[in-house]
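Quick notes on the structure that follows.
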Amino acid sequence: MSAPFHADLYVRAYTEKHGSTPVGAKPARKTLDEPSPWTIIFDTETTTDAAQRLRIGFCQVRKHGKLMREILFYDPGLSASDMRVVMAYATANELTLATVDELRRNVFLKIGYRAKAAIVGFNLPFDISRVASGQSEARGSMRGGFSFELSHWKSEPNIRVKHLSASAALMDFAKPGKQQTGRGMRNRGFEKPHNRGYFIDVKTIAMALTSRKHSLKSLSAFLDVPTQKLETEEHGGPITDQYLEYARADVQATWECYYALSAMYASHGLETPLHRILSEASIGKAYLKQMGVVPLLGCQPDTPREGFGLIMSAYFGGRAEVRIRREVSQVLYCDFKSMYPSVNALMGLNDFVIADGYSERSTTEETQAFLDVTTLADLQCPTTWRKLHTLVRLCPDDDVLPVRTRYSEGRDNLTIGLNHLTSETPLWYTLADVLASKMLTGKTPRILEAITFEPGPRQSDLKPINLFGREAYRIDPNTEDMFTRLVDMRDEAKARHDPLQQQIKIIANSTCYGIFVEINRDDAPKPEALDLFTANGEKSSVMSAALEEPGRYFHPLLATLITGAARLMLALSERLAADQGMDWTFCDTDSIAMAKPKGVSDDAFNARCQAVIDWFEPLNPYRRPGSILKIEDVNYSPTSKELTPLYCFAISAKRYALFNVDQDGKPVIRKASAHGLGAFMAPYGADKPAKGLPEPVGPLSAMGISRWQYDYWYKLIEAALNGTPNKVPLDYHAGLSNPALRRYGATSPALLRWMKCFNAGKAYGDQVKPFGFMVAPIALTGAMAEMPVPEFVDPSKKGRPRKTVRPKPISPFERDGALAGAMAFDRVSGDPVEATALKSYADALALFHLSPEDKFENGGPWDDGRTERRRVVASRMQLIGKEANKVGEFGESDPVASGARIFKNLSVRSSK
Amino acid sequence: MNDLITPEELRRERDYERLRTRNPICLTCGYDKHPSALELSHLVPHKFHDEGGPQCRNCHRELSDAEKDYPYAPQSINPQMETIGRYLLALAEWFQRIAATIALFGAWLLEQSEHVPPHEPEAIV
């Protein structure tokens with residue numbers, strides 16, 4: 001038995017600004033929420049230096065879709081020769097020629113603002129930042145974003161942009177600095193609603209409607225619009241007619257893509273206007289609204305928040321773990337069909353979604369009795385899952401439960417691992433998690449308390465809808481479970497090769513989980529008073545700058561029960577595999593790779609796996625028969641379509657590769673993860689791959705990686721197959737010796753401040769602007785770092801000598817690593833950073849293959865083989881808020897970064 | 001570029017914003033000739049509730065006159081109940097007027113049915 005691991009436990013709490021009304025409880029807006037028949041579509045072309053200054057752009061002004069005016073606008077700083085070309089082009093093509101200032105006044109302000117046109121672009125925040133005359137930090141609801149000036153007159157509005165994600169941003173017109181409401185109306189207590197404008201980023205709606213990230217080029221091809229994006233090599237060079245043709249075609253392609261996507265959205269028949277769609281989740285919410293489903297906080301706004309604190313303390317995300325680490329193992333890779341909709345359906349959670357609130361009752365004795373008698377066979381019965389609407393409170397006694405803590409010294413990541421836990425402080429978990437512990441250990445936990453939740457009466461105004469206006473895709477929330485109905489519809493559409501099956505999948509995924517746990521985080525400039533609700537059902541006040549606002553359909557009970565049941569599914573597959581004498585290599589939320597035991601033939605292994613798969617068949621809630629645990633396509637040969645031995649090399653959570661082995665003993669990669677690699681810019685292009693490596697057997701997009709990542713994984717696996725997993729060669733491509741670069745957009749004022757030293761003293765046009773790009777090399781550290789020049793200690797100076805500070809290098813955007821390295825400077829001091837002080841790609845990747853799985857024993861960097869669950873003993877309980885989406889020091893979004901706010905430290909208390 | 005959009009179009013946009021719809025029509029008498037002659041009529045005084053719809057100026061004045069018999073803001077010890085009561089009273093008043101318009105239209109249709117032949121849809125060629 002391993003030594004106990006004493007650790008603080010980090011438990012979610014719920015906070016709310018005192019006296020605030022959550023979004024879900026706010027009444028619907030009563031203003032006109034649709035743009036006028038006018039549409040403005042525009043795009044800009046810039047210089048290729050760090051400032052990316054505007055050169056020219058094209059703008060179409062359309063009314064009812066008909067082109068009314070096409071404008072070629074330019075920055076007045078263009079050279080005389082460029083101006084001649086621009087003027088001649090405008091004349092020859094009968095275009096209106098305008099300066100960018102005229103565009104701002106006569107198009108954006110007059111038509112965009114006063115005539116309420118829809119303002120459309122591809123990657124709109126960037127283009128808005130290029131046409132603006134200045135920028136500042138946004139305030140109020142858009143704080144953390146930018147305010148772009150369109151006019152020096154205070155009576156004209158700015159445009160505010162707040163970055164949300166790589167695909168979405170909030171954009172609106174700020175209130176102008178003049179009174180909007182007439183005196184008569186003010187005296188009668190009226191306030192004229194402010195015109196926020198209508199901004200539509202084609203990149204955003206493309207992501208929401210297709211569930212894929214697109215460039216304008218790929219989107220044009222995907223939608224097969226008449227005008228495809230052209231290619232050009234002339235960025236930054238003298239302006240030519242060809243370059244202007246290219247830029248003009250960009251705007252036309254943007255319009256055609258917007259038109260096609262508008263039609264695609266219109267086919268959904270949703271009342272929510274297109275400019276309100278920011279993601280797939282927006283579409284899910286629009287469907288729920290269309291069906292008349294009122295959010296929990298809308299029908300039960302006085303839901304006790306103490307209950308939210310209790311429920312959130314039992315909330316954990318999906319399991320992502322590695323069991324057999326840094327060893328090649330043969331596996332069968334399986335995936336649960338629509339995991340979250342499946343567990344939704346099994347637990348009957350649809351009843352909660354359409355209910356008018358919920359109630360709770362104490363069920364301690366009956367829940368303990370249920371726990372005592374429930375066996376593995378009982379969990380094969382769907383009716384058992386209907387009883388899992390329960391949270392239990394217990395003092396874990398070596399029970400296997402999700403544990404959120406810092407598993408390593410010196411690392412600031414909180415991670416969640418399914419480990420043996422002992423705690424004197426009572427903790428809340430879902431009944432599903434406690435059942436999972438029983439299935440994995442054979443020991444029935446003893447509970448102190450149990451609360452079972454029941455849905456209230458069905459809401460009265462639910463309406464059936466026809467997806468895409470088609471009767472065949474009808475959902476009636478009064479009589480059907482909408483989650484199973486959506487998956488059934490998708491299966492039927494897939495069988496008919498109906499392309500709508502992809503959109504149905506988006507609707508299913510977006511309505512079944514994420515919207516119920518949506519919490520929007522806002523960083524206030526200074527701490528504010530918040531009501532804090534904890535696992536103990538207590539309410540207290542706390543001062544914090546991390547403001548958390550629940551999303552419209554926030555329903556913490558559903559989110560907590562769903563993820564708990566998903567973890568139970570994975571625990572059952574783990575238990576069933578063990579019963580068949582098998583281990584598993586890794587699992588990731590809804591998938592598991594079962595490992596072939598030594599000495600067992602392929603046929604016997606497949607038969608054992610099939611037994612595990614077949615066990616889940618009775619739990620299938622869908623019309624299409626079969627088990628909900630599926631063998632993934634990568635297990636089959638791409639040519640013969642037969643089951644082919646598949647191997648896995650897993651390093652740590654979400655870092656693994658699946659591959660076949662050819663007759664020469666070389667890997668044939670089928671799937672690999674970009675986790676930990678995706679933050680880097682490619683050290684070389686796909687057109688210059690590493691020499692001597694075989695071409696991928698399938699499209700890299702299907703594998704989930706880019707070419708340089710494929711090459712790296714190939715080398716890594718090759719080393720493992722050769723018996724030298726610790727020696728991964730990194731000299732197979734010259735690009736790996738260049739400084740490692742990570743790309744960032746200056747998407748917030750905090751990020752733009754990284755370029756403060758670069759921008760100092762420069763005119764606005766020459767500065768790195770909002771949404772401009774920059775690259776961050778990485779400073780060498782530790783033994784590889786150069787020793788700093790020692791300072792002479794001045795005996796007349798008192799106090800401790802200054803600590804040597806590691807530089808924080810940053811560069812203006814440059815794809816070439818060597819050039820970027822040469823321009824690197826410290827973003828704090830502004831001093832140049834030598835290229836020799838920067839990590840190369842080889843340096844940065846040197847330890848990737850040793851990434852630890854430190855949530856488990858035998859998961860250290862140099863360990864390999866089977867990891868073991870730790871025996872965690874709880875020290876203190878720390879309360880945290882949302883652990884996600886805070887841009888860390890280097891800009892990557894890390895779901896478990898230490899952006900979590902620690903609200904309170906609670907000492908271990910006796911449960912008695 | 002100043003000719004791209006006319007001052008009239010800008011005025012219409014302000015009307016639609018004010019009336020909260022791009023297809024304003026008087027909910028009582030059906031007037032829809034000119035948006036500037038329509039007003040946003042609150043069902044009950046806006047201090048009770050912000051719900052409303054377009055009405056022509058004449059119908060708005062007629063309807064508003066009856067409201068002057070009642071207070072402009074909640075006065076009782078149960079403002080929520082008072083709001084619901086005022087809302088329902090106002091809704092009843094609106095329905096009465098709409099019913100009168102529908103009755104007139106129905107009578108007109110009956111009169112038309114004596115001498116207007118049924119509509120024949122065009123054949124699809």
Side-chain angles (χ1 to χ4, degrees), chain A residues 26-40 59-64 66-73 90 95-117 180-182 185 187-198 273, chain B residues 1-25 27 32 35-36 38-55 57 60-61 63-65 67-68 70-75 79-80 83-84 86-87 90-91 94:
Chain A
K26 285 183 183 162
R29 66 186 75 230
K30 294 194 174 57
T31 52
L32 181 62
D33 193 25
E34 58 179 88
S36 68
W38 293 88
T39 311
I40 298 167
C59 175
Q60 292 183 359
V61 180
R62 291 176 177 263
K63 187 177 181 185
H64 293 294
K66 183 180 163 201
L67 183 63
M68 306 298 286
R69 192 68 60 91
E70 202 172 351
I71 303 164
L72 168 49
F73 61 93
L95 306 175
T96 301
L97 193 61
T99 63
V100 65
D101 184 57
E102 287 168 337
L103 183 85
R104 289 193 292 261
R105 272 186 287 115
N106 295 322
V107 177
F108 283 102
L109 289 173
K110 197 165 184 186
I111 303 177
Y113 180 63
R114 281 191 271 288
K116 301 179 182 52
Q180 298 288 293
T181 309
M185 285 177 74
N187 289 343
R188 284 178 286 141
F190 285 99
E191 187 183 346
K192 187 179 168 198
H194 170 56
N195 169 24
R196 293 281 175 206
Y198 305 93
Chain B
M1 267 199 295
N2 266 324
D3 58 336
L4 256 173
I5 189 164
T6 63
E8 186 190 351
E9 281 176 298
L10 290 175
R11 288 198 300 275
R12 288 296 79 76
E13 277 306 315
R14 288 197 291 273
D15 288 334
Y16 298 142
E17 183 81 21
R18 176 172 58 78
L19 297 167
R20 300 181 186 173
T21 173
R22 290 189 179 281
N23 295 296
I25 180 169
L27 291 174
D32 64 349
S36 64
L38 292 165
E39 297 175 340
L40 181 71
S41 170
H42 283 82
L43 206 59
V44 285
H46 82 281
K47 284 192 195 306
F48 284 91
H49 205 274
D50 195 31
E51 203 75 61
Q55 284 196 328
R57 203 160 277 192
H60 193 192
R61 292 291 176 277
L63 215 63
S64 300
D65 187 69
E67 273 175 14
K68 291 172 181 159
Y70 301 96
Y72 274 98
Q75 306 272 291
Q80 197 178 31
T83 297
I84 294 169
R86 284 290 300 272
Y87 195 94
L91 205 58
W94 277 47

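By convention in this document, chain letters (A, B, ...) are assigned in the order of the sequence lines, proteins followed by strands, and residues within each chain are numbered from 1.
For B/Y70, the OH atom is loosely surrounded, since the number of other residues' heavy atoms within 6.0 Å does not exceed 12. Environment of CD in B/Q80: sparse, with no more than 12 heavy atoms of neighbouring residues, nucleotides or ligands closer than 6.0 Å.
Contact count versus chain A (heavy atoms, under 4.5 Å) is highest, among B/L40, B/L10, B/L19, for B/L10. Chain B forms the most heavy-atom pairs under 4.5 Å with one residue out of A/E34, A/K63, A/R114, and that residue is A/E34.
In this structure, chain A has heavy atoms under 4.5 Å from both the backbone and the side chain of B/E17.
A/P37 places a side-chain heavy atom less than 4.5 Å from the side chain of B/E13.
Distance check: B/D3 CG to A/N106 CG gives 9.5 Å after rounding to the nearest 0.5 Å. The structure places CD of B/E9 at 9.0 Å from OG of A/S36, a figure rounded to the nearest 0.5 Å. The line from CD1 of A/I40 to CG of B/L4 is 9.0 Å long, rounded to the nearest 0.5 Å.
For A/L32 against B/Y16, the heavy-atom pair with the smallest separation is CD2-O, 3.6 Å.
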